[in-house]
Amino acid sequence: MPTQTILITLIALLIFSYFIGHKRSIAVSSLDKGRRNLHSRPHYYGYMVAIWAGIPALLILMLWSAFNSSIVTSLTVSGLPETIQAESKDTLGLIINEVKNLAVSGQIAEETDAVKRDAAYHYQRLQSISTLAKTVVVFVAALLGMLFAWRLINPELRARNKVETVVRWSMIVCASIAILTTVGIVFSVLFESIRFFESVPPSDFLFGTKWSPQTSIRTDQVGSSGSFGAIPLFVGTLLISAIALIIAVPLGLMSAIYLSEYSSRRVRSFAKPTLEILAGIPTVVYGFFAALTVAPFLRDLGESVGLSVASESALAAGVVMGIMIIPFVSSLSDDVISAVPQAMRDGSYGMGATKSETIRQVVIPAALPGIVGGVLLAASRAIGETMIVVMAAGLSAKLTVNPLEAVTTVTVQIVTLLTGDQEFDSPKTLAAFALGLGLFVITLLLNFVALHIIRKYREQYE
Amino acid sequence: MSNSNSTEIIRAGLKKRYAREKRFRLFGIASLMISFAFLLVLLFTIVSKGWPAFQQTYVKLDIVLDETVLKVNNKSDEDALFSANYQKVVRESLNKMFPGVKGRKQKRDLKNIVSNSAAYTIRDDVLENPDLLGTKQTYWFLAKDDIDVFMKGKIDRDLPEDERRLKDYQFEWIDKLIEEDRLEKRFNTVLFTNGDSREPEQAGMKGAIMGSLFTMLVTLMLSFPIAVAAAAYLEEFAPQNNKWVDIIEININNLAAVPSIVFGLLGLAVYINYFGVPRSTPLIGGLVLTLMTLPTIIIASRAAIKSVPPSIKEAAIGLGASRIQTLFQHTLPLAMPGILTGTIIGMAQALGETAPLLMIGMIAFVAEVPTGVLDPSTVMPVQIYLWSDSPERAFTERTSAAIMVLLGFLVAMNLIAIMLRKKFERRW
Amino acid sequence: MTDVINTMPGMPRAVPLESETPKPAVDAITGEKHRSEFDVEINGTVGKPLVDNAKMSSRNCDVFYGDKQAIFGVDLDIGNNEIIAMIGPSGCGKSTFLRVLNRMNDTISICRVTGEHTLDGEDIYGKKTDPVLLRARVGMVFQKPNPFPKSIYDNVAYGARLHGLASNRSELDDLVEASLIKAGLFKEVKDDLQKPGTGLSGGQQQRLCIARAIAVDPEVILMDEPTSALDPIATATIEELMDELRSNYTIAIVTHSMQQAARVSQRTAYFHMGKLVEVNDTDKVFTNPEHQLTENYITGRFG
């Protein structure tokens with residue numbers, strides 16, 4: 001049975017379990033002065049039976065599905081002749097892939113290579129055994145659980161408490177998914193990065209100034225090593241992010257100041273949501289806008305004043321990215337400016353300061369830590385932004401800080417390395433994970449510092 | 001120091017200070033205006049580029065369904081009907097209309113007035129009604145993208161011949177077709193009924209829309225219950241000053257700011273390579289987007305749950321309800337509008353997300369419209385990215401149109417969220 | 001209430017609106033009228049609201065917050081170099097009236113002030129009058145000490161720098177020192193001038209705010225419950241300071257404490273539900289009040 005069918009059948013079984021639990025609880029109880037002598041309301045007994053039937057079965061189903069593919073693959077590998085098993089990892093991976101494709105295509109008989117044909121049959125057999133075993137085990141578990149819980153039911157059984165314990169634990173599990181996600185991110189980028197650093201020394205990656213991730217098809221090929229110096233990527237990322245912040249910070253901050261200190265309520269109620277629209281536009285749209293409108297415009301503008309602007313200039317990507325984070329900066333600034341107590345403004349007005357004097361000399365200095373925190377968050381957002389740079393920035397890893405030239409960024413390279421035809425184990429694809437690790441660490445640090453600053457700032461005025 | 005003295009000093013400086021005040025205020029207005037201008041230019045560019053794509057040029061041809069040309073002897077032979085060369089009757093019809101076209105290139109160009117989907121149109125028609133064989137039929141076919149681009153005024157006739165896509169002889173053909181009322185622009189239904197295609201005039205976004213739908217379905221079914229459970233736990237049950245709870249909170253806040261592409265790496269390394277989830281499917285897309293939207297929904301749900309006044313919970317507990325019963329019977333129903341608003345906003349974010357989906361293979365070219373969560377598919381933003389990368393002029397137009405459709409969905413979702421908030425806004 | 005306003009978009013923040021709006025005469029829950037002494041009619045002001053040597057004067061002062069009227073037809077003079085105390089139950093309008101005198105109510109968009117108000121005979125709500133200049137001449141000290149997040153020196157120098165009152169650094173140094181001496185704070189902080197003003201104790205912070213106010217050389221100082229957030233010792237220091245300041249400045253002080261009013265002021269004005277009930281020499285008000293409401297208040301029957 002395919003997984004979907006198992007799931008649907010299982011759900012039907014759970015509904016059935018609920019009803020028999022409900023029914024039995026009424027059957028085992030007796031009416032005492034118009035009240036049932038049950039500890040809990042009957043439906044809790046139904047829930048309890050359904051939980052006993054469902055949770056173990058679902059757990060088994062999940063784990064089985066999760067580990068099925070890796071176990072079946074390794075069994076298929078061990079079934080291969082020893083000479084093939086002794087091949088290098090890459091070749092072995094290729095062979096396994098071919099075998100799998102063969103098994104799925106259903107045209108095994110037409111394969112000429114006897115070893116592969118046998119392996120494909122073996123793989124198919126293993127798969128069907130696994131599926132059958134999975135179906136049997138899941139349903140046996142469900143039925144056993146159901147029976148067990150059903151037999152437990154008696155009037156003294158505290159079904160509500162048991163159900164609530166399960167509910168509470170599942171809530172804890174749900175809340176902990178956040179931690180699991182972080183752990184998953186760390187492990188996925190860390191393990192692949194470690195494998196990357198086995199073939200490329202970390203110092204080359206961190207301090208190398210040349211990035212050309214070519215790996216060879218043959219080992220004797222010229223330039224087979226490829227160079228993985230990440231400096232140009234990080235410089236390019238910082239350049240574009242810096243341009244974005246130069247655009248977004250003054251515009252966002254001044255917009256926030258105008259909206260919170262000057263504008264009338266009506267203007268504010270219209271302008272704030274309008275500004276937020278900028279934040280709701282998908283990044284792929286900004287990327288398209290940058291590549292199709294802004295970049296050619298800047299190039300023509302440069303031409304008309306005698307400057308040569310690359311058609312994939314850092315400037316175009318940076319400007320558009322700046323537009324994207326304007327609402328981000330402005331709403332964060334709005335929050336921190338609002339947190340400055342009115343008493344402080346009153347103190348300044350009371351001495352005869354004008355509005356702008358009060359804002360510049362009292363409100364902004366008071367809000368400065370919060371604003372800095374907001375800018376750090378915006379910087380982290382800019383550094384991690386992908387689509388705008390993929391579509392509008394270049395691929396050439398040139399080490400330059402000239403905004404008119406084309407540069408590439410960490411995110412662009414991750415996308416480029418992972419969207420082509422990929423063998424998973426080559427340094428080329430592994431390099432993407434090393435870049436991802438760098439990206440994750442940098443943004444994590446920025447977020448951590450920024451959130452810390454903002455929290456401290458809030459506490460100050462509470 | 002005398003009062004009148006300082007009053008004079010202050011009075012003297014006032015003019016300058018008010019000028020500065022005015023300047024500062026102007027800076028504020030200017031910043032706001034510049035931001036609005038950016039928004040307007042962006043929307044204007046997209047709409048003006050994408051608007052024409054909602055129309056498509058059709059060309060009228062008279063087709064003689066000649067059995068000998070089609071080499072079909074028996075009308076009831078479905079295989080023969082299916083594999084007959086309908087391209088040929090289209091070509092003959094064109095040849096008849098424009099006799100005397102010579103040279104391989106010109107002949108090919110002549111054939112390329114009509115999209116190659118014309119043959120399939122005829123085939124489907126004939127399969128449905130084999131009696132059409134031997135008759136003469138009038139068809140409106142999709143015109144090829146170059147003709148369409150010209151009809152929308154995007155090719156300048158006055159350019160030198162070698163600098164434009166269409167040559168002089170092609171213009172003669174087009175002029176003749178226009179004269180005979182054989183070219184017409186109609187509403188572009190293809191955009192909504194077809195999957196992706198390499199031919200711009202046949203490319204539609206139904207596949208991407210369905211892909212997005214399935215992906216969002218997976219995301220919603222996973223993220224909503226998990227996020228609500230997590231938020232309820234953190235707001236109502238989590239012990240104070242507990243290390244584990246602190247770690248959870250820090251993690252949620254940080255995950256909200258992790259670059260989306262990193263989630264794509266997680267999906268690739270863990271879901272695909274470790275657990276063997278099939279790539280390019282709505283299932284894997286939904287799994288990745290779930291992790292991304294969880295923080296958004298959790299944060300919104302917590303705020304909604306927090307805003308339910310404790311007095312209501314205390315009343316329920318005072319009547320003998322357990323804390324779980326209070327949660328499900330009182331707190332969650334009252335917090336639901338806020339939770340739903342947060343969920344819609346989270347889903348809107350997920351709908352526009354592109355980068356992580358590139359990592360997990362949703363960038364593949366898929367012509368078929370997916371029918372389930374395990375079919376290979378793409379999603380709207382990725383379709384936009386793919387089309388924007390295509391060199392054909394007609395794809396630029398379609399990219400903008402696809403953006404308009406995507407923005408339409410996002411606007412609708414946000415409007416629903418706003419209405420929900422307005423309708424159920426409650427002051428305690 | 002204040003919280004609701006804070007969260008409403010487009011509203012100025014943290015306006016002490018509640019304490020300024022008059023209590024309704026009808027109980028919101030029972031619908032009954034409040035009885036006994038609350039029902040005494042107020043027909044104009046008794047006592048001596050007007051004086052000969054008025055520094056500031058108000059006639060027919062009405063103040064509205066949106067649709068709600070907070071002050072009803074107040075006539076009051078503030079004499080030169082006197083300390084006038086304004087007392088009354090919370091929400092009686094005394095603080096609102098104080099804020100009329102230096103147009104601080106301008107910063108609240110829904111607030112509207114009518115009537116004639118003059119400083120040295122000049123209309124302070126006139127078209128020609130500049131609120132910036134007015135506020136420099138009529139300084140203000142607030143209920144809660146509100147030093148800026150700057151050094152002690154910069155706090156005191158703030159107004160002088162704004163208004164360009166010192167032409168060079170040494171003049172500014174002298175001004176800061178003189179202001180701190182006048183505010184009785186110099187001895188305590190003379191070695192810590194570059195430390196943040198927010199690090200001082202509450203009483204010191206309030207004296208810093210007074211120093212900051214007198215550094216711009218005002219003619220009138222308005223004090224809005226300046227000691228309500230302070231302990232008795234700090235309060236005593238500030239009261240002594242006010243007595244010293246009287247020779248150079250005219251002071252109007254809003255206070256909750258009748259003892260404080262009796263100790264520091266020459267005249268006392270009693271406000272009730274937005275109306276000015278009685279104004280007289282302080283001794284007279286506290287020993288022999290003319291109006292029933294005043295007597296009820298100072299004898300502690302409500303407040």
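Just so it is clear: chains get the letters A, B, ... in the order the sequence lines come, proteins before strands, and each one is counted from 1.
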4.5 Å side-chain heavy-atom contact, [X] and [Y]:
{"X": "B/Glu353", "Y": "A/Val284", "value": "no"}
{"X": "A/Pro282", "Y": "B/Leu407", "value": "yes"}
{"X": "B/Phe263", "Y": "A/Thr181", "value": "yes"}
{"X": "B/Leu327", "Y": "A/Met171", "value": "yes"}
{"X": "A/Phe440", "Y": "B/Leu265", "value": "no"}
{"X": "A/Ile277", "Y": "B/Asn414", "value": "no"}

- Query: Once you round to the nearest 0.5 Å, how far does CG of A/Asn447 lie from CG of B/Leu255?
  - Reply: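 That separation rounds to 10.0 Å.
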
- Message: Please enumerate all residues that pass salt bridge (Lys or Arg N to Asp or Glu O under 4.0 Å) together with A/Glu357, with sequence neighbours excluded.
- Response: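 Salt bridge (Lys or Arg N to Asp or Glu O under 4.0 Å) check on A/Glu357 returns B/Arg17.
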
Pairs of heavy atoms under 4.5 Å with chain A: top-ranked of [options]:
{"options": "B/Gly264, B/Ser35, B/Ser388, B/Ala30", "result": "B/Ser35"}
{"options": "B/Asn251, B/Asp389, B/Ile252", "result": "B/Asn251"}
{"options": "B/Tyr274, B/Tyr18, B/Phe36", "result": "B/Phe36"}
{"options": "B/Val262, B/Ile403, B/Leu294, B/Leu406", "result": "B/Ile403"}
{"options": "B/Arg23, B/Lys22, B/Arg25", "result": "B/Arg25"}

- Item | Counterpart residues, side-chain hydrogen bond (donor to acceptor under 3.5 Å, both in side chains), relative to B/Trp244 (two or more places apart) |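 side-chain hydrogen bond (donor to acceptor under 3.5 Å, both in side chains) list for B/Trp244, sorted by chain: A/Ser176.
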
- Can you tell which part of B/Leu42 gets under 4.5 Å to a heavy atom of chain A, answering side chain, backbone, both or neither?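 For B/Leu42, the contact with chain A is made by backbone and side chain together.
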
- Item | Contacting moiety of B/Thr45, where chain A heavy atoms sit under 4.5 Å |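 Only the side chain of B/Thr45 comes within 4.5 Å of chain A.
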
- Under a 4.5 Å heavy-atom cut-off, does chain B meet the side chain of A/Leu259, its backbone, both or neither?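 Interface part for A/Leu259: side chain.
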
- Message: Classify the ring geometry of B/Phe24 against A/Tyr262: parallel below 30°, tilted from 30° to 60°, perpendicular beyond 60°.
- Response: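 Plane angle between 30° and 60°, so tilted.
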
